[in-house]
Structures are given as C-alpha cells and as structure tokens.
Amino acid sequence: MELSKNYLPTPIESKWYEHWISKNYFSSTPDDREPYTVVIPPPNVTGVLHMGHCLNNTIQDILIRRARMQGKNACWVPGTDHASIATEAKVVAMLRERGITKSSLSREEFLNYAWEWKEKYGGIILQQLRKMGCSLDWDRTSFTMDPDYYASVIQVFNDLYKKGHIYRGKRMINWDVRAKTALSDEEVIYKEVQSKLYYVNYELEEGGTITIATVRPETILGDAAICVNPNDERYKQLHGKFAYVPLIKRKIKIIPDEYVTLDFGTGALKVTPAHDMNDYQLGQKYQLEIIDTMNDDGTMSEAAQLYIGEDRFEVRKKIVEDLTKAGHIQKIEEYTNQVGFSERTDAVVEPRLSLQWWVSMKDLATPALSAVMNDDIHFHPAKFKNLYRHWMENIKDWCISRQLWWGHRIPAWYTTDGTFAVANNAEEALAALKISTKNNQLSLADIYQDDDCLDTWFSSWLWPFEVFKGLSNPGNKEVSYYYPTNTLVTAPEIIFFWVARMIMAGYEYKQEKPFKDVYFTGIVRDKQGRKMSKSLGNSPDLLGLIDVYGADAVRFGIMIASPAGNDILFDESALEQGRNFNNKLWNALKLLKMWETRVNTSNAIGDNTLEVSTELFAINWFENRLNQVAKEVDELLTQFKLSEALKTLYSLIWDDFCSWYLEWVKPGFEQPIEAKVYDKTIQYFERLMEMLHPFMPFITEEIYHLLKEQSGDLCVKQFQPIASPDHTILQSGEILKQVITALRDARNKNQIKPKDLIQLHIQTLNSETYQPIESILKKQINAEAIFYTNHAISNSILVNIEKDKFYIEAERQLDTAAMKAGLLKDLTYEQNFLASVMKKLNNEKFVANAKPEVIELERKKQADAEARIKTIEESLNEI
RNA sequence: GGGAGCAUAGCUCAGUUGGUUUAGAGCAUCUGCCUUACAAGCAGAGGGUCCGCGGUUCGAACCCGUGUGCUCCCA
C-alpha cells in the first residue's frame, strides 16, 4: 500500500470515530469490573466549543481511555447545563430579532420559544466533542432540565426547606427599571460617565451645617445617616450628633466608620441603605432604617414624601433646583464615574432591595470541608486546599433565586396577602395554605407560584449522582455502581460555585463524596496572557484548527503546554509541534513498511551469534528503555501530571525510538533486515502506540492497524504489564549515546563534512564495553573502521570521555591550537568542580553532620573528577 | 479592603522530605547538512546573580523573615 507523504488526519479521524461508535466501545453498563466514572462538567447548552472545553475534555478523555485500557469499566457521562442566564439572554436576543419583546409574552409562551430554541441549537457542543475524539457514553446524555432531573431539583428545594436550610431574606440586587427585572452581575455593563458631584449642606441639630458630596441627590430623601471617618479631625466633635435631611427635615445620626475615605468629597458621606450596595452594608452594621424611596419602574415612591410618581432623573433635576432655592447647594463639580447599565435595555441599573430565597450554608459546609482537608477527596494540585478551606470556613449564605423564567421554577406558592407554602406542586401547596391561612375556601385560582427561577448551580450541584438518577430513583443499580465517581476535571474559577457545592450535596443526599479526585486545569489564555473572550476576539476557532491540524495535534498542542493548575498560554505553534509529531510517527511507519518488503526470514543470525550482534544490543536496549519509560509515564499519570507524561512519551518516541533505535537497527542501503529485528521493531511500535493512545487516539489506532493485521482495536486493548528494566543495559545505551554525540560534536567542530569517512581509534582498558556496539558506532559517526589502541595516535582529533580516549583520523588538516584550547577549557571546568567537592570534604562539620550516603557520593564525585582530570592532562601532554 | 497563589534560560515550565556533578526539558535562537522514513527533517552548539535583601544550616532554587512585581477569588 502506498502511504501519503505526510499524515492526513481528517478522513482517518472521522473513520475511526464512527468505527468506535459502531462497536459500542464507549457505552458502559454495570458489571464485575471496577468502575471508573467521570461526569463531564456540563457545558452551557448554548455553548460552542472553545479552548477551555478543549483542554478540559482532552484531559477527561485521556483519563477515561487510560482507565479503559487498564481493564476498568470506564464510563464518561456527557450532558449539558440549562444555564439560565446565558440561555435566557440568547432567547431574548433571538426574539428581539424577530421583533418580539419578552414582556409581551406570557411565561408559557416564552418557555415554548426557549425549548424550541434549545432543541434546535442546543447541544451543538456535544457534536463538537465527537470531533475531538472524546469517548463519551452518548446513551447517557443528560440535561439539567430533563423531567426527572427537574423533579429532583424541586425535591431538594423542598427537603432543604423542611430541614430549615432554606429561608427568605432581603438582598441588594441590580434592578433594571425598564424591564422591571433583576439582573445578575454579569448582565450589568459599567461605563464611564460624565456626572456632577453635588455638595449639599445638611443642617445640624445643634446649629451650623455639615456638607456631604453626592452624585445622586435624588436619593437624599432616603438618607438614614451621615458617616465620617473616625480619624477625621474635622468631624470628631460631631460623632453621635444629629443632622436634618434637607427639604423633609428628617433627623439622622452622624456615625463614625473606617469605611469613609478622608480625601473624597468633604469626607462626610450620606448613607442611603435602600439605594446603594455599600450603604446597605453600613446600614446592616449600624441597624439603620431602610427607606426605599423608589418604585420598581424608577419613579419615586410614597416613602420619598416628595416627587411621588416622578422619574428618578427628572427628580434629580428638580431636587437640585429646590435645594438651590432653599440654599442647600454649596457647589457643583464635574465628575467622572462608573455607572452600571443594563445589558438588555441599556437602562441605568438601580440597586434595589428585594426578597430572595437563600440557603444557609454553615451546616452543609462542615462535612464538605473536612472531606477535603483530610484528603478523603484529593485536590490536584493540592495548593487549592488552602483556598477551599478559607472559603468554607467563612462561607456566606447562598442566594438561589434568579429573576428569570428559563430554569427550575421556585416551588413556593403565595396567597394574595403574601402567605406562602413550599411544596412539590400546586395541590400540595394549596393543602398547606388552607391550613396556614385557616381558609378552607382557598382554591388553586387564589394562589400563584413564585415567578423566579433557581440559580443554575442549584441544579448542577446534584450532577454527579442525578445523572445516574440517584435521587429520582434512589438506590438504583447504576448509582450504586458508578457513584462515587472517580475524577472531576474542572477549572479553579468554579471551585466555590460548583465543586464545593457538589461536595455538600454529595454528603447531604448520598452520605458519600461525589468524587475521589479533583483535577484543576488552568485557564486558557492567549499568547499575551489575556483571558480568551468574545469581545477581545482572541479565541481561536477550534473546529477550524481541528480541520487544519487534526484533532490529535490539537490535543497534543494543548496538553503539552498545560502544567496542572497553571494557566496555559495558547500558541498555535504548539499545534504545529503536534502536527509535526504526527508526521514523525507517520514517517517511522513508512520506514517500517519499506523494511517489510526486505525481511530476511532465513534467520541467519542464530541466537548464539546474536549475543554479540549489534542488533541484539539495540533491541535489548530499547525493550528496557520502553519498560523504564512506561513505568515513569504510569507514575506521572497516577499523579495527574498529564503534561509531563506526554512530554516523556514524546521524547521516548522521537528521540529514543526514532533518532536512536531506528537508526541503530536500520539496515544498509537496500540491505535486508533480520526477521527478529523487524518483528521486535513492530512490537515496540505497537507498544508505543498503546501508550500514546489516550493522548492521541486517532493516529495511534490508524498506525496500530497499518503495522500488521490486528484482531481487535487499540481503543479497547488492555495495557501490557510493565517489566522491570535492566539498568546495566540502560547504562550501556547511555554511554553509547554519549560517545556518539561527543564524536559527532568533534567532527562538527573540526569541520569534517558529514560525508567524509573517518578512522576511529579507541584507547580504553575495557574494550568489551565497545565491541558489541562497534557497528552502531561506525554507522552513527560515519567511520570507515574502528581500532583499539594502547597509545596516542598522532595527527588525530582527540576526544576524552570519562577515562577513555578517542582518536579521530581524518583527511582534514588539524587545528591543534583549538583542540588544546578546548581541552584546557574542560580542564578548568573539572578543576573548579573538584575544588567545590573538596571544599565540602575538607569541611570537618560537613563530614561530621552529613548523612553517610551524601559523603559517599561526594567521595565518588571526587574520584571521578580526579580520573577525568588525569585523562585530560595526559591528552594535553600528548598533543 | 479581605484572602490565596506565583516569581528559575528569550518564551512556557520541571526541579520529589535541603545534599544526585558550579540547575533540567520543550519551544525559539545560532552553526553545518536537501545523508534513500521524515527540511513539517537530521546532526551539533550557545544561553541562567534560580526576583532583591537579610536569616537558619556543615550545606539553600528549596526552610524563615522582609521588600518589590504579577495573577486570581471574594467584597
């Protein structure tokens, strides 16, 4: 078969993915094997694949494929998150394009559009994951708003409410006065705005005035206090005294608090708890009255006493006029500040107090904290434990209501007077309300359900068990088998939003941790270290990259650059490296296919003669090297050092296999290759593909099948056991490499052309070290012949390696001076090194205190250095 | 404002409880090669005040203190 010049990934990748799917390799059902379970962090149903997903899912796929090849029952569960904020925003935008406003629709109408949208565009990302080669069990695809899942979320709300963990409480939220809805922080856009800073005099109870500065004079009517810095000399005598709110003459206290900055405005701050986030905090601290002077449409309320029903910005103009008339305005300055605007309506966002639903976290957090601290759940890297502890020890209550329609509707029903009941459905609620209101006449028509939805995280915290219906069908076979899951792979930025809460839910509802290990990936940034974002336009088109480089190369590129827990700076050159690696593998395959046509099956090399043959040395060395690295890689993977494991494999394949081993066993031009060498080489290549498969599944499967007729697929092949390597042969290999490199370097430095043949003379006491590798050596340094000598060879290039001397005879004229200079440089290095060793050994305290093996090592260093110095000195004399 | 983390070659990072040669790798750079698998390649090389200062120790990239710079989370 003719193989293409370069590896062409696209057709091969789709071919194998379809094949794996047709063989059902990724679907898992409980059996006798040990399970290995991973639940995908569900991407937003609206999402499209970006670099973060690519990193995250590549890692999960590596873990899952490795587990599968280790003989475990690997189960990777896919799914999506309904993502209330993001999805609702998309649907609203889609409707707007069609000229429909959300406010013109009923809840049911809106949700119909939303579902329609979800069915049409949702879950594209799951298709994209197939392109990446992710071995997900597609039969298990879940969605956080699937009927069973939905019911479980409602059940959890009811349960926590019954247990007293859920309550209603006030909270300052971002209010969009135009849409009459609350906004999440993400939906507020801050813009720099040219404003005015008004200096307003407040009359003091005891006479005189105090001046405050404000950009929002219309909120004066809601003032509850004036605050000054306790260290501010100007106001020390006023602490605890009273002032009057202008125009309405309400009496308010002057309180000292560190919060106020001395050099802003006048150093005196008006406190309006109902209309400013920070003021609200101050109000809580000093138990100030909360006077809400605004209606939900941004007009003034009854509580304002003045301007009732007029718009806030009209009132700003009017109140300034009135204050000026009354002599309260001292001055007006130009001022630039940040003002929040609604992403949806562009209205200025109004901080507003509202009643929200909360989960009290203290009790839930306790088992979740200790599980991580005592390593029942392992964090990788462990440095995130500190962060986790700090957060869990200072945990704040969780506001779970969101003013949205797309999501799980809060299961609380109200009567017109505001009495409410939490229940699983309206009928239950009605029954409860009949009792609490003592009104038996109450009907379903008299009660209404809370309009708000639950925070998305309130559903995704159930993910690890509810994908197995652990709550909707408790104790079922699947959840008992797969739960707790093995590894969660996620970004550190959602350690609190999601990871911590899953742990809490796990202990609360399964009395068991949700996962054993958590692997935190980094954040993918661009070359300049900026976070990837739509607005910067710096997120590459992932599918485009896969088309250009192939999924294997993309997987390689992102993994090679991603140390655990560190951010990764994404650079397309890493993908080039991946593509080049593909080609390297492809070319190695082509070489073997060429050999295949010239295999010498006459078995001319019998086992006896093989003992000294160089081919035997090469295959023996590589077999041991393979085992050595297999063990290293296995350990690295066990420690979740995936990037390092890949680097190690890359080097094993590129350097040890291609650059050294294949060159060592390569037959001469058009010469046959011994069957034994050929078979071994195929076997090694197979083994390398096996080790690399979890990282680069497509090309490894392809090469595996091209190497020879196979009975099964690599995807489900079981790893071969790792034999322990023989260190003697490994060391011989290292010496051989060292000699080859040093001699090539000498050739280079002496400008001997690659094609020029040389004669090599070795002066050594251990010629048996070099005899088995002579022909490799000859090939690798382009020597015509190798001789052993017991004296210096005149007119030759001298290379010292440890205690042995190598003389290169070539036609080229020698540069003795340069050679001498080189030797002197080596000598200085060795002498300095010896001096540093001797400094330690001559130090009595070192000899007295250091561990015996450390001293022993230093003595060995001394002996080695002395031997090398002796060799160099002899050489210098010989020149 | 509160907290966490990071600082090692031009870049991205390793560096195991302090001793494993006066610190390693990949990428980039430089030199020489179109050598019959591979120029998307081969062979070789150069490159570091381990952020500054102080301390502990026989011994510090590693431990402690301090300063500086950067990043993230929460408010």
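All values below were derived from every heavy atom in this structure, side-chain atoms included, with hydrogens, water molecules and symmetry-related copies excluded. It should be emphasised that the depicted structure is a prediction, and the values quoted were computed from it without experimental measurement. Just so we're on the same page: letters track the sequence lines, and every chain starts at 1.
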Give a yes or no on whether a salt bridge exists between A:Asp655 and A:Arg625, defined as a side-chain N under 4.0 angstrom from a carboxylate O.
no

Checking B:G3, B:U22, B:G44 against the side chain of A:Asp745 (C-beta onward), the nearest is B:G44

Atom NZ of A:Lys641 and atom C1' of B:U12 are separated, to the nearest Å, by 17 Å

With sugar-phosphate taken as primed atoms, P, OP1 and OP2 and all else as base, the protein-contact string of nucleotides 27-41 of chain B at under 4.0 Å (heavy atoms; B, S, -) is S-----S--BBBSBS

Subject >> Whole-angstrom distance between B:A43 and B:U20, as gauged at atom P >> reply: 31 Å

A:Phe520 CZ to B:C73 P, in whole Å, measures 14 Å

Quick note, A:Asn386 side chain, CB onward, closest among B:A4, B:C73, B:U21 is B:A4

message = Is the distance between the ring centroids of A:Trp457 and A:Phe497 under 6.0 Å?
response = yes

Note to self: Taking only the P atom of each, what is the distance from B:G10 to B:U29 in whole angstrom?
What the structure shows: 15 Å

Exercise. What do you reckon, do A:Tyr829 and the base of B:U22 stack, with centroid distance below 5.5 Å and planes below 30°?
Worked result: yes

Rounded to whole Å, CD1 of A:Ile395 lies from C1' of B:G3 at a distance of 15 Å

Distance check, P atoms only: B:C70 and B:G18, in whole angstrom units. 32 Å

message: Does this structure show an ion pair linking A:Glu686 with A:Lys708, if we count only N-O contacts that are shorter than 4.0 Å?
response: yes

Encoded 5' to 3' (Watson-Crick or G-U under 3.5 Å; [ ] crossing; | other strand), RNA chain B becomes (((((((..((((.....[....)))).(((((.......))))).....(((((..]....)))))))))))).

(Q) Under 4.0 Å, heavy atoms only, any strand: does A:Ser651 hit a base, just the sugar-phosphate, or nothing? (A) nothing

| B:G26 and B:U22: how far apart are their C1' atoms, nearest whole angstrom? | 24 Å

A:Lys737 atom NZ is separated from B:G44 atom P, nearest whole Å, by 11 Å

Ring centroid separation for A:Phe556 and A:Phe695, is it under 6.0 angstrom?
no

Which of B:U20, B:C74, B:G3 is nearest the side chain of A:Leu387? It is B:G3

From CG of A:Asp656 across to C1' of B:A25 the rounded distance in Å is 14 Å

message: Taking the P atom in each of B:C62 and B:A23, what is the distance between them to the nearest angstrom?
response: 15 Å

Taken to the nearest whole Å, CD1/A:Ile558 to C1'/B:C13 is 16 Å

Please determine if A:Lys860 and A:Glu856 form a salt bridge, counting it only when a charged side-chain N lies under 4.0 Å from a carboxylate O. no

Exercise. Is there a donor-acceptor contact under 3.5 Å linking the side chains of A:Gln862 and A:Glu866?
Worked result: yes

Classify A:Arg868 by what it touches in the nucleic acid, base, sugar-phosphate, or nothing, heavy-atom distance under 4.0 Å. base

Fill in: Electrostatic pair A:Lys647:A:Glu644 at N-O distance under 4.0 angstrom
no

Whole-Å C1' distance, B:U66 and B:C73 = 26 Å

P gap between B:G24 and B:A45, integer Å:
14 Å

Here the distance between atom P of B:C73 and atom CZ of A:Phe497, to the nearest Å, is 9 Å

How about A:Gln639: does its CD atom have over 12 heavy atoms from other parts shown lying under 6.0 Å from it?
yes

Rounded to the nearest 0.5 Å, the CD atom of A:Gln356 sits from the CD1 atom of A:Ile173 at a distance of 5.0 Å

The answer to which of A:Thr828 and A:Glu644 contacts RNA chain B further toward the 5' end, by nearest nucleotide, is A:Glu644

With rounding to the closest Å, how many angstrom separate the C1' atoms on B:G46 and B:C30?
7 Å

- Item | Check: A:Phe384 ring centroid to A:Phe379 ring centroid under 6.0 Å | no

A:Asn849 CG to B:G18 C1', in whole Å, measures 14 Å

Are more than 12 heavy atoms, taken from residues, nucleotides or ligands other than A:Glu393, located less than 6.0 Å from that residue's CD atom? yes

